[in-house]
Amino acid sequence: ISSENGEFEETRLANSIAIPRIERYREEHAFQTGSGNGALDFLPLDCKLMLNSILEYPVSSLSKYLDSVKFQLLEVDLMSLLKGLDVLGNWEKAIILFEWLVMNDTKDKLDNQVIELMVKILGRESQYLVTSKLFDLLPVEEYLLDVRACTTILHAYSRTEKYDKAIALFGYMKEKGLYPTLVTYNVMLDVYGKKGRSWNEIVGLLEEMRSEGLQFDEFTCSTVISACGREGLLEEAKGFFDELKKRGFVPGTVSYNSLL
């Protein structure tokens, strides 16, 4: 009985330390993050304690702190911890934690949900370089990521000029039966357009898009025309533009600007 009482008192003490600090932090940042009462109720106690510690460390020294609590950190629910950081507006610390997990050979602790959450955060915050570096280390084929996550990684590869990586990932997506969205195809059009000497591949993507019933948008049009411009394919650009208009596409400012 005394042992049980001791455990109860320890738990109550931990709660009394961690929860008020988190609540105070949440109140101070409520306007900025939009987090209201109960926003962190999903966190287990050990996550609240770890979150409390992470919040108190500055970004510059956070990695060293994570090194010092490696074993405790790997025992908590990482999904809840990362989500808690994001809820509080600490997306930068969430990314640092994710980087630490990838760099410290703890990839076995990462599952599809954790990676999809972090890809969402990385994409939302336009962290293209970080994303491309992390997924050079994380083998995407070992996870069952959804189309949205894969498209975000494709976009990061495109923005960091890793065109062959993007092409390989796109091929892997189709092999696994994932259906590319309009956004996915637009990213790949941009990849081939920037890579250069890829007009046949661009034409192939456009045919795929039509066969899937996808309607071209402004980004589709401007990306293809810009790709033609880089290669000096002026007749191809004009032919593509005229064909779009015949099909009922109404060009906007972006499309016309790409023709200039």
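Keep in mind the model is a prediction, meaning the values are calculated, not measured.
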Please identify each residue that fulfils side chain to side chain contact (heavy atoms under 4.5 Å, CB included) with [X], with sequence neighbours left out.
{"X": "Leu182", "answer": "Asn186, Met209, Asp217, Thr220"}
{"X": "Tyr57", "answer": "Ser61, Leu62, Tyr65"}
{"X": "Leu137", "answer": "Val102, Met103"}

N-O pairing of [X] and [Y] below 4.0 Å:
{"X": "Asp86", "Y": "Lys120", "value": "no"}
{"X": "Lys83", "Y": "Glu116", "value": "no"}
{"X": "Glu75", "Y": "Lys109", "value": "no"}

- Note on the structure: Residues at least two apart in sequence or cross-chain that pass ring-ring contact (aromatic ring centres under 6.0 Å, His included) with Tyr128, listed by chain then number, are His155
- Message: Could you work out, with ring-ring contact (aromatic ring centres under 6.0 Å, His included) as the rule, every residue matching Phe135, not counting sequence neighbours?
- Response: none
- Message: Check for me, please, whether Leu214 and Phe219 land in the same ILVMFWY cluster - side-chain distances under 4.5 Å, paths through other members count.
- Response: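 No, because Leu214 and Phe219 fall into different hydrophobic clusters, even though each may have its own neighbours under 4.5 Å.
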- From OG (Ser255) to NZ (Lys245), nearest 0.5 Å: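 Between atom OG of Ser255 and atom NZ of Lys245 there are 10.5 Å.
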- Message: Does anything in residues 226-240 form a side chain to side chain donor-acceptor pair (under 3.5 Å)? List the pairs, not counting sequence neighbours.
- Response: Lys238-Asp242
- Task: May I ask you to check whether Phe170 and Tyr163 place their ring centres under 6.0 Å from each other?
- Result: no
